[in-house]
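The sequence lines fix the lettering, A, B, ..., with proteins before strands; numbering per chain opens at 1.
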2 protein chains.
Amino acid sequence: MREAKRQRGNSFSPLDPTSSEPIYRQIYWRFQRAITDGALSPGQRIPAARALAKELGLARGTVDTAYSLLTAEGYIQSRGQAGTVVTPGLKVRTTSAHVQPSDGPGAIASIRPKASILPFQMALPALDVFPRKIWAQLGARCIRTTRIQDMANPSVYGLDSLRSAIATYLQVARGITCLPAQVFVTSGYRNTLALVSHTLLQPGDQVLIEDPGYPPTRQLLDHLQMQIACVPVDQDGMLVTQGINDWPYARAAVVTPAHQSPLSVSLSLPRRLELLEWAARQQAWVIEDDYDGEYRYISRPLPALKSLDLDGRVLYTGTFSKVLFPGIRLSYLVVPAAQVERFEHVSQAFLGGCPELTQAIVATFMTEGHFARHIQRMRKLYGERREAVARGLKQALGDHISLDAQPGGMHLILRLTQPQSDRALVERLLQAGLYAEALSDCCIASQSHSGLMLGFANIDSQATAAQLGKRILALL
Amino acid sequence: MREAKRQRGNSFSPLDPTSSEPIYRQIYWRFQRAITDGALSPGQRIPAARALAKELGLARGTVDTAYSLLTAEGYIQSRGQAGTVVTPGLKVRTTSAHVQPSDGPGAIASIRPKASILPFQMALPALDVFPRKIWAQLGARCIRTTRIQDMANPSVYGLDSLRSAIATYLQVARGITCLPAQVFVTSGYRNTLALVSHTLLQPGDQVLIEDPGYPPTRQLLDHLQMQIACVPVDQDGMLVTQGINDWPYARAAVVTPAHQSPLSVSLSLPRRLELLEWAARQQAWVIEDDYDGEYRYISRPLPALKSLDLDGRVLYTGTFSKVLFPGIRLSYLVVPAAQVERFEHVSQAFLGGCPELTQAIVATFMTEGHFARHIQRMRKLYGERREAVARGLKQALGDHISLDAQPGGMHLILRLTQPQSDRALVERLLQAGLYAEALSDCCIASQSHSGLMLGFANIDSQATAAQLGKRILALL
């Protein structure tokens, strides 16, 4: 308490009631500065809000507000009876050019963990080889040639030129025949899945999902109050027969047929047909999440499940996050022709449309042929990197691990020969500056999978992978 | 039927079963071409799907698919027993450089109504005076200086620099004190409102909305299965007392305090306080839609309702659509400090984040001072244009109309002295190439308002307005 008092004295001497900065914000800044300065250290106790308010002659609420901001920002933590402390383990980036409170709110950013790219980062294409120069040229051209009518409200369905380019691309690359009017441009997979749910499903509807599966799918459906129906996955993808038998009233299924997320296996043709037949019979919907169908290395990319959809039951979702870059925030949905009107209607209520500029750049990138070339180059590169990283890891980790034989995707699955918690290992890796995700975090009902998922697209050689493998070995 | 047969003969001779283009798509293109060529005219009957399938030796489903696409695209309409006809009144843009089916799906765009800007277009800033050169320079710079880490997954909450710039701006311009961590960048008002609903409300919750009000608010809440509670509006805004008495269990209220949408009146201070007190007492939420609070012409802009929010019950939503341009698709939400964590949690499930590039351009535009300058110039310009357009309309329409005295906003409300349907008039105006919206389309329970809403921001002089007024007069 004495320590806290001293700090408080230091921190609060210049409180200024005549300042345009409200008092609670001044308090916030003083603490923020004291913490980033190192005057208050992680774990150190700070005065109780009531005591501080009394001391400063302020309303209790003023100090509470400051404290709740500090808590929300992660600077401090309440420990109940034990008082309030500076967050233990808080990593503060102290710099010599320290941000002053007078710089305003921007100062906060300085201690937030900066989004940096770690080795083995998942779902991240090889950004080092992205054709940035061409991209910047197209971008500058698109901005320069923006017409006044392009600045008005964009179509909520997407830019016509982009919808056309996507339809053409899907025909060639994924065997999907559709018209531009069936293509809806969205701002990401979550946005797409929410649009499908709002258009075709009701809260309480049963939805089949893969287990293990992609956690955001489950999270979003949960939030939308769908009833999650977990279906196990084997080496041929979702166990369709079991799923439709166990959940006879399911209204939809979300699947990742090209490379099952996370196991990267492909849904076999008999199961694809069974799923489509089920959907037609039950008038249910199949949502095909084709997040990286382009990246298959052992043979040509499989045609999309959607290409077999004769009954108009498949909603196809694709994204530019993996084939261009995630920061672009552009995805798309292909709906059956007969559903176009329903989707247009709901889009009017839910979507605002995506930025015209981003759409224009992507459309130009596609129609001028850069897109197809880029994907082709990446497919070759990823095939090589995948091979190199697998060899490097095996070289360093030997019998401690086995690697799944996957036909495609952008990550490797590394299984540990000696049973241990993959979650705990992921924690240790992150602390050591290496990225990984735990396979068991993708499991819902089934807890049968354990292992590490490692993105390989940004690792450029076997030697690098072997070095990283050694760092993993040290943490096993 | 004979006529249809002739056309069909013309259109279908070159069907090619060996083409890579599926048959249904070939049928689609033939009809599309026949219609755009004028070979089939609006209102003309086309063969029944069954008959056409038989004639061509195709499965019925193949023709059905083509027809449903044509229907979805608006080319044809089913008239039940009376058969299927080319959509009556269909406006076809025939050009000499006609798009061939071999050009692929892009051809469709050629007959879609092109988004052009009509006189009196609503919710559209004065795009003619937007600083496009500066914008293009900043944009080119932002693309050129994109770093690899900027291409990775963006923060779902928004770019740090943009959140800071917004927080700073809101302090100065709207009297709102908040930290960047309280600011969530979204892709539009609908996106914002959906985020708030998912985070703080449950399906079935009662939500107070203004009547007349902004139709998308009602639409979206409807879709999210909220219970809509309509509250009338007078010259001081929403009748708060009546609303909270009539709906004692309401969980939230959506209001447009600066310039009520559509009436443009301001919510009076006593009602603001009453609303805040109600929210604090009931632990309810107030969603402040401040879509154009900057544009007030008779005095300084009013501080936002949020600036009075001592209890952390107000969710503030702002947008760049009106102060920059709608095509940018960028909005934001300010949440109470104590709700930051909840919103971060739900954002992770719902939002994908907005494109890094657009956010970076806007942040630079703000921090380099262009934003404040632009708003200041627009406020002055809109004040002048509003005055000029009001005078021009009055000059042309005289006693046929009265104009509401509104303190701000981007549209005028024109009431008709002789009672007549505002909806029917809007239809006639649109046919004559003039934009307007009907006030009665904003009414829900109350049907007490009738009149035209006319956007004035893009009309540059009294003379132009008087000319347009004469065209309105001719249609009264």
Side-chain angles (χ1 to χ4, degrees), chain A residues 22 25 65 68-69 72-73 104-106 108-109 112 115-117 124 127-128 130 136 139-140 143-144 148-154 160 164 167-168 177 179-181 187-191 194 198 203 219-220 223 325-329 337-338 340-341 349-358, chain B residues 22 25 65 68-69 72-73 104-106 108-109 115-117 124 127-128 130 136 139-140 143-144 148-155 160 164 167-168 177 179-181 187-191 194 198 203 219-220 223 325-329 337-338 340-341 349-358:
Chain A
R25 207 171 178 188
T65 304
S68 67
L69 285 176
E73 289 284 321
I108 285 178
R112 291 221 137 186
S116 63
I117 297 172
L124 204 61
L127 298 177
D128 55 331
F130 185 81
I143 300 187
R144 217 171 41 237
I148 281 191
Q149 60 267 41
D150 301 329
M151 300 167 70
N153 263 312
D160 280 341
S164 294
T168 305
T177 299
L179 294 165
S187 60
Y189 172 66
R190 287 167 179 78
N191 195 215
H198 287 308
Q219 264 175 28
L220 186 80
H223 265 287
F325 53 92
I328 199 166
R329 306 315 308 148
V340 166
E341 263 183 292
F350 271 99
L351 301 185
C354 296
E356 199 86 1
L357 176 61
T358 321
Chain B
R25 208 170 175 188
T65 305
S68 68
L69 285 175
E73 290 284 323
I108 286 178
S116 62
I117 297 171
L124 203 62
L127 298 178
D128 55 330
F130 185 80
I143 299 187
R144 217 171 39 238
I148 281 192
Q149 61 266 43
D150 301 330
M151 298 166 72
N153 261 313
S155 160
D160 279 342
S164 294
T168 305
T177 298
L179 294 166
S187 59
Y189 171 66
R190 288 166 178 79
N191 195 215
H198 286 309
Q219 264 175 26
L220 185 80
H223 265 287
F325 53 91
I328 199 166
R329 305 314 310 147
V340 166
E341 264 182 292
F350 271 101
L351 301 185
C354 297
E356 199 86 2
L357 176 61
T358 321

Novice: For chain B, find which of Pro203(A), Ala152(A), Gly139(A) contributes the most heavy-atom pairs closer than 4.5 angstrom.
Specialist: Ala152(A)
Novice: At a heavy-atom separation under 4.5 Å, does Ile328(B) approach chain A through its side chain, its backbone, both, or neither?
Specialist: backbone
Novice: Under 4.5 Å heavy-atom distance to chain A, tell me which part of Phe130(B) shows up: side chain, backbone, both or neither.
Specialist: side chain
Novice: Hey, which of Ala136(B), Pro355(B), Pro154(B) has the most heavy atom pairs under 4.5 Å with chain A?
Specialist: Pro355(B)
Novice: Tell me, please, which residues at least two apart from Ser187(A) pass side chain to side chain contact (heavy atoms under 4.5 Å, CB included).
Specialist: Asn191(A), Cys354(A), Ser187(B)
Novice: Among Asp150(B), Asp128(B), Thr358(B), Leu127(B), which has the most heavy-atom pairs under 4.5 Å with chain A?
Specialist: Leu127(B)
Novice: Chain A heavy atoms under 4.5 Å from Leu357(B): which part of the residue, side chain, backbone, both or neither?
Specialist: side chain
Novice: Could you walk me through whether Phe350(B) and His198(B) pass the side-chain contact (heavy atoms from CB on, under 4.5 Å) test, one step at a time?
Specialist: CA-CA 9 Å; Phe350(B) 271 101; His198(B) 286 309; 3.4 Å; yes
Novice: Against chain A, work out which of His223(B), Gln219(B), Glu356(B) has the most heavy-atom pairs shorter than 4.5 Å and name it.
Specialist: His223(B)
Novice: Between Gly353(A), Ala140(A), Ala338(A), Ala194(A), which has the largest tally of heavy atom pairs under 4.5 Å with chain B?
Specialist: Gly353(A)
Novice: Could you tell me which non-hydrogen atom of Pro326(B) sits nearest to which non-hydrogen atom of Leu124(B), and how far apart they are?
Specialist: CG-CD1, 3.7 Å
Novice: Between Leu179(B) and Val340(B), does a side-chain contact (heavy atoms from CB on, under 4.5 Å) hold up when you go through it step by step?
Specialist: CA-CA 10 Å; Leu179(B) 294 166; Val340(B) 166; over 6 Å; no
Novice: What's the shortest heavy-atom distance between Arg329(A) and Asn153(B), and which atoms?
Specialist: NH1-OD1, 3.6 Å
